[in-house]
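Reviewing the structure listed below.
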Amino acid sequence: MQNNLIIYNSLTKKKELFKPLNEPFVGLYVCGPTVYSDAHLGHARPAVIFDLLYRYLTHLGYKVRYVRNITDVGHLENDADEGEDKIEKKARLEHIEPMEVVQKYLNTYYRNMEQLNTLHPSIEPRASGHIIEQQEFIKTLLEKGYAYEVNGSVYFDVAGYNEKYRYGKLSGRVLEELQNNTRVLEGQDEKRNPFDFALWKKASPEHLMNWPSKWSTGYPGWHLECSAMSIKYLGEEFDIHGGGMDLLFPHHECEIAQSTAALGKESVRYWIHNNMITINGQKMARSLGNFITLDQLFSGNHLVLEQPYSPMTIRFFILQAHYRSTVDFSKEALQAAEKGLQKLLKAIENLNKIKPCASSTVDIDILKKRCYEALDDDLNSPITLSHLFDGVRIVNSLIDGTAKIDESGLKALHELFDTFVFDILGLKDESAGAGDEKLTDDLMKIIIDLRQDAKDKKEWAASDKIRNELKNAGIVLKDMKDGVEWEKE
RNA sequence: GGUCGGUUAACCGAGUGGCUAGGUAGCGGUCUGCAAAACCGUUUACGGCGGUUCGAAUCCGCCACCGACCUCCA
């Protein structure tokens with residue numbers, strides 16, 4: 001199998017040709033959400049970007065196993081001993097079981113991701129279902145001397161690890177500098193060094209989420225689940241690990257340390273990180289309180305929004321920026337995305353009206369080639385879209401009659417949009433399947449006929465009244481050369 | 001303070017040492033009974049100051065501003 005896919009590897013800080021370890025198989029692991037509140041716009045970005053990667057790799061013929069974890073064991077709010085588990089905190093606020101919180105927000109997350117037309121990963125493992133694997137992992141680290149136990153908690157010995165391997169290779173950090181810059185936090189007296197991180201934490205009596213272990217009744221450290229689950233499902237070495245850029249340090253750095261210490265070798269070959277969505281120039285995050293949930297976007301129910309934005313508008317908005325750039329949220333940008341998406345989908349719908357000619361004045365193959373080149377160049381979705389908009393212009397010119405296309409070209413044009421817009425970029429026409437379409441079509445035909453009668457008699461007031469009233473009802477009439485079209489606003 | 005990244009036209013957002021990114025909005029034209037749509041054309045682009053070069057928005061240096069990470073985070 002051959003491909004020309006080049007991806008930017010955060011580990012080497014270079015664009016590299018993607019070569020899977022065991023063709024045609026590809027192992028892809030992506031950090032999923034901690035489910036303790038509604039999914040927001042920031043969660044949509046990695047979901048859409050890695051969905052694009054999953055779809056593209058699959059399109060290229062690879063057999064991809066896509067694993068995305070769900071963090072549902074809860075972790076300390078801060079690194080202090082008295083820090084409260086964030087899932088538990090929410091549970092107490094809402095007077096429900098911690099796992100009830102998890103279930104509630106997991107359901108919302110899955111629903112939102114389906115609305116965004118992201119495909120479910122092959123495996124969606126939950127940290128709570130892999131406590132044993134995580135404990136086994138800790139045992140290995142203890143046996144190999146990279147971890148130490150204090151009062152029922154187990155910590156990773158970063159300094160010890162750094163003697164043999166290099167801690168900080170992913171985030172470009174140097175341990176000595178880290179020593180000086182790490183914040184002094186409360187309750188760190190158990191650790192040998194402030195930069196050591198927890199593998200297992202002894203639970204305080206009021207900490208509800210806990211599991212038995214040989215060290216204490218407690219819960220696993222945050223970084224551990226990804227190491228344990230990625231290795232379980234994708235093997236000791238696998239191809240791609242993805243996630244948000246904010247996870248680069250410390251999360252992914254710690255993961256590398258754990259896995260490398262346990263296995264004696266590197267586990268991940270390509271690290272891919274998506275950049276953040278910002279709002280007013282600042283990162284959108286739950287902890288900053290400046291987030292807009294996906295349900296709020298889809299419903300328009302938020303102070304800064306003046307209208308709802310459909311899931312596909314959000315998807316298009318995300319795809320219009322390259323994944324390694326920040327993308328700034330604004331209602332103007334979303335409105336532009338909405339219009340652009342409509343234009344694209346409208347052109348695809350209009351493909352069916354085009355009649356082939358004997359000759360062709362347009363070249364579809366070059367567009368197809370450019371779309372592949374764009375995706376191959378570090379998944380450049382905005383460039384792919386720009387070429388598809390060239391295709392839109394071609395479609396509209398064909399309908400206008402200012403261009404001609406032959407039968408094979410028309411077939412290629414259909415395939416171009418089907419492949420790139422629907423299969424790879426994962427967009428879909430949301431207007432389809434609204435129900436009662438037959439009835440609506442029949443009614444519209446009657447109304448349009450009545451208006452045509454008025455027009456034939458040059459009763460412009462009557463025909464305009466029909467058009468205006470329909471407009472008020474949210475239906476736009478367009479008098480085309482070969483008849484009248486209507487669509488919902 | 002340390003590490004890393006960004007600054008592109010009205011807005012969003014790509015990109016390259018010399019050749020129109022694209023979307024949205026605006027303006028002019030074509031079409032139309034009018035409108036809408038579409039098509040064609042169009043609007044002080046590349047933070048500032050130097051340098052390298054035949055040529056830089058693109059490479060180098062300095063400065064300014066913004067952001068991310070250094071704590072849970074997509």
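Naming convention: chains lettered A, B, ... in sequence-line order (proteins, then strands); numbering from 1 in each chain. Small disclaimer: the values here were computed from a predicted structure and weren't measured.
In this model, a donor atom of one side chain and an acceptor atom of the other lie less than 3.5 Å apart for Y323(A) and D378(A). Using modelled atom types, one finds no donor on one side chain facing an acceptor on the other under 3.5 Å when comparing Y309(A) with E338(A).
The base of rC39(B) has none of its N or O atoms less than 3.5 Å from a complementary donor or acceptor on the side chain of R393(A). For D464(A) and rG33(B), a side-chain-to-base donor-acceptor distance below 3.5 Å is present, hydrogens and geometry of angles not being considered. Side-chain N/O atoms of D400(A) and base N/O atoms of rC31(B) include no donor-acceptor pair closer than 3.5 Å.
Residues E373(A) and K369(A) are paired through a salt bridge, judged by an N-O separation under 4.0 Å between the basic side chain and the carboxylate. For the pair D464(A) and R467(A), the salt-bridge criterion is met [side-chain N within less than 4.0 Å of a carboxylate O]. Between K457(A) and D453(A) there is no salt bridge, since none of the side-chain N atoms of the basic residue sits less than 4.0 Å from a carboxylate O of the acidic one.
Annotation: cation-pi geometry satisfied between R173(A) and F249(A) (NZ/CZ under 6.0 angstrom from ring centroid, within 45° of ring axis).
Closest to the side chain of A336(A), out of rU24(B), rC70(B), rA35(B), is rU24(B). With distances taken from any side-chain atom of N274(A) to the nucleotides rG22(B), rA74(B), rC12(B), the minimum falls on rA74(B).
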*asked:* Could you write out RNA chain B as dot-bracket? Rules: Watson-Crick or G-U wobble, both distances under 3.5 Å, brackets [ ] for crossings, | for pairs with another strand, dot for unpaired.
replied: (((((((..(((.....[...)))((((((.......))))))...(((((..]....))))))))))))....
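Per the stacking criterion (ring centres < 5.5 Å, plane angle < 30°), F389(A) does not stack onto the base of rG23(B).
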